Amino acid sequence: KGQATMAPHQRTGGADLRYYEAKETQDLFEPIRVALEKSSAHLFEQDKVRFFDAEITARLVVVFPPAQKINILLLIETDNKELSLLTASLQQFQEDALGKTAKDPPIVRIPTKLFKDYRPNGALALILRQLFEWKHANDLRRLDLQTPSRRSVYIDLFMGITASLKSAGLLRSPVIQLHPDIPSDAAASLRATAERLGAQVGGSASDITHELFPFEAPEEADDDDWFRTLERSGARSLVHWWYFPDSHDAWVPESDAGDPEPAPPHSGRWRVSARWLLDSAKFNEWMNEEDYEVEDDAADAAASSSSTKA
C-alpha cells in the first residue's frame, strides 16, 4: 500500500510553482515550443507567450504561498520558461474554479497527467495551442486567469479544450458498470453521480472502463497518511497521497519518502470500490484507480455471491 510515516505536508490541488520554475521542467517544454512555432507561428510569434505583466504576477504572488520562495516578478527570459509558468497558471485556475471548493463546477477537471504530457503532439501541446488560438480569436492582449469577474469566460474555454482533447482521443470519459451486489438505493445514487460527472453507466462489455464494487466505510478512520513514491529528482521525491487526486501529488524531501515504486501492470477494465466514484465527485476530478482497486479475492467473492443470488 505504500508508506505511512512522514512529517505533515500541506495538500493542495493547485500548481507547484517550484516545479514549474525548475530549469529541468522548463526544458521539457522545448518539443512543445517547436511544435507551436510550426503549427501556430502567426499566433506564437505575435505573442511570444507574454501573458504576464506586473499586475498579474503581483496577484499570483498572493495565490502562491511565499514559502515557495519563487520570484515570479522577474522578467521572463525564455519562451520555455513562459510556457512553464503559463501551465502553472492553468493548473491553479483548475483548482480555484473547478476544484473541491468550487461551487457547482460545470465540468470535471482536466486530469493532471495531461499537463505533464510533453510530447509535441500530446495533450499539453493541444491545450496550449487552443489557448493561443482562443486568445487570438478574442483579440486579447493578455490572459488573466486570476480575475474572478472573467472566471465564467475561462471556464467556457476549458470546456472547449476538454471537448478537443476527447475529439483527439487524448481524454475519455469513464464507462461504468455497477456490480449487482450494490444495493438498489446506493446504485441509483451512484448512477446519478456518474452521469453528473459526465460518465456513462452501462454499455457493451468491451466498452466498460470501470467496474464498481460495494464500498463500506470503515468503522474507525485510518489516521495514517498513506502514500507511495512515484519518482525522485535530486534531493526531492514526488509522492502520491492515497485517496487524494493526482493534482495533490507533492514534491517532498527525499528523506521523507521511500524508494520509487513502479506502477503495476494493468490491462482491461478497472475493478474498483464505489468509493472511487464518490471521491471523484468530492474533488471534481477522476481519482487514481490504483488507490481503490478491489483485491481479486474480494472481486471473485462478489461475483460468486451475485451468481448464487441469480
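None of these values were measured; they are calculated from a predicted model.
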Exercise for the section: Determine yes or no for a side-chain-to-main-chain donor-acceptor pair under 3.5 angstrom, with T147 supplying the side chain and S149 the backbone. Expected result: no
Handout entry: Ionic contact status for R269 with E211, cut-off 4.0 Å
Key = yes
Exercise for the section: For S273 and F215, indicate whether the former's side chain and the latter's backbone hold a donor-acceptor pair under 3.5 Å. Expected result: no
Problem - Closest heavy-atom pair and its distance - T229, S237 - result: CG2-CB, 4.0 Å
Handout entry: N284 (side chain) donor-acceptor with I107 (main chain) under 3.5 angstrom
Key = yes
Practice task
Calculate, to the nearest 0.5 Å, the distance between atoms CG and CG belonging to D185 and L190 respectively.
Solution key: 9.5 Å
Practice task
Given side chain to side chain contact (heavy atoms under 4.5 Å, CB included), test F132 with L36 step by step and report yes or no.
Solution key: CA-CA 9 Å; F132 291 132; L36 287 174; 3.4 Å; yes
Problem - Single-linkage hydrophobic cluster L114~Y154, side-chain heavy atoms < 4.5 angstrom - result: yes
Practice task
Could you walk me through whether W276 and W286 pass ring pair (Phe, Tyr, Trp, His ring centres under 6.0 Å), step by step?
Solution key: CA-CA 8 Å; W276 170 80; W286 294 114; 5.3 Å; yes
Problem - Q26 side, atom CD; E82 side, atom CD - distance, nearest 0.5 Å - result: 10.5 Å
Handout entry: CA sep, side-chain torsions, deciding dist, call: S164, L126, side chain to side chain contact (heavy atoms under 4.5 Å, CB included)
Key = CA-CA 8 Å; S164 295; L126 183 151; 3.9 Å; yes
Exercise for the section: May I ask you to say whether E30 pairs ionically with R33, meaning some side-chain N is under 4.0 Å from a carboxylate O? Expected result: yes
Handout entry: Lys/Arg-Asp/Glu bridge criterion (N-O < 4.0 Å) met for E290, R228
Key = yes
Handout entry: Trace of the side chain to side chain contact (heavy atoms under 4.5 Å, CB included) decision for W251 with V239
Key = CA-CA 6 Å; W251 288 96; V239 301; over 6 Å; no
Problem - Inter-residue atom distance N288.CG - W241.CH2, 0.5 Å rounding - result: 14.5 Å
Practice task
Ignoring hydrogens and angles, tell me if any N or O in the side chain of T209 forms a donor-acceptor pair with the backbone of P174 under 3.5 Å.
Solution key: no
Practice task
Could you tell me whether the side chains of S247 and E285 share a donor-acceptor contact shorter than 3.5 Å?
Solution key: yes
Handout entry: Check: F227 ring centroid to F244 ring centroid under 6.0 Å
Key = no
Problem - Donor-acceptor side-chain pairing of E289 and H210 below 3.5 angstrom - result: yes
Practice task
Could you tell me whether the side chain of L124 reaches within less than 4.5 Å of the side chain of Y118, counting heavy atoms only?
Solution key: yes
Problem - N-O pairing of K81 and E21 below 4.0 Å - result: yes
Practice task
Determine whether T87 and I127 make a side-chain contact, defined as any pair of heavy atoms from C-beta on separated by less than 4.5 Å.
Solution key: no
Practice task
Taking the side chain as every heavy atom from C-beta outward, state whether M159 and T162 have any atom pair closer than 4.5 Å.
Solution key: no
Problem - From L86 atom CG to D79 atom CG, the distance as rounded to the nearest 0.5 Å - result: 11.5 Å
Exercise for the section: Give a yes or no answer on whether the side chain of S280 reaches the backbone of M287 with a donor-acceptor pair at less than 3.5 Å. Expected result: yes
Problem - Side-chain heavy atoms of Q146 within contact of D96, under 4.5 Å - result: yes
Handout entry: Side-chain donor/acceptor of D256 to backbone N/O of V252, under 3.5 Å
Key = no
Exercise for the section: Check the pair Y243 / R275 against side chain to side chain contact (heavy atoms under 4.5 Å, CB included), numbers first and verdict last. Expected result: CA-CA 9 Å; Y243 309 122; R275 181 180 175 181; 3.5 Å; yes
Handout entry: Carboxylate-amine/guanidinium proximity below 4.0 Å for R232 and E254
Key = yes
Handout entry: Main-chain N/O of N138 paired to H136 side chain as donor or acceptor, under 3.5 Å
Key = no
Practice task
Determine whether F115 and L28 fall in the same hydrophobic cluster, where Ile, Leu, Val, Met, Phe, Trp and Tyr are linked whenever their side-chain heavy atoms lie under 4.5 Å apart.
Solution key: yes
Problem - Sidechain N-carboxylate O distance under 4.0 Å for D117, K113 - result: no
Practice task
Nearest 0.5 Å please: distance from the CD1 atom of I176 over to the CG atom of L277.
Solution key: 5.0 Å
Exercise for the section: Would you confirm whether the ring centroid of Y292 sits within less than 6.0 angstrom of the ring centroid of W242? Expected result: no
Problem - F93-V153 co-clustered via ILVMFWY side chain contacts under 4.5 Å - result: yes
Exercise for the section: Please assess E95 against K100 for the test salt bridge (Lys or Arg N to Asp or Glu O under 4.0 Å), listing each intermediate value before the final yes or no. Expected result: CA-CA 7 Å; E95 174 67 6; K100 181 181 177 182; over 6 Å; no
Practice task
Taking Q130 for its side chain and G160 for its backbone only, find out whether a donor-acceptor pair lies under 3.5 Å.
Solution key: yes
Handout entry: Backbone N/O of Y20 and side chain of S84: donor-acceptor pair under 3.5 Å
Key = yes
Practice task
Enter the distance from S173:OG to L171:CG here, rounded to the nearest 0.5 Å.
Solution key: 6.0 Å
Exercise for the section: Could you tell me whether a side-chain N or O of Q94 sits under 3.5 Å from a main-chain N or O of G99, the two making a donor and an acceptor? Expected result: no
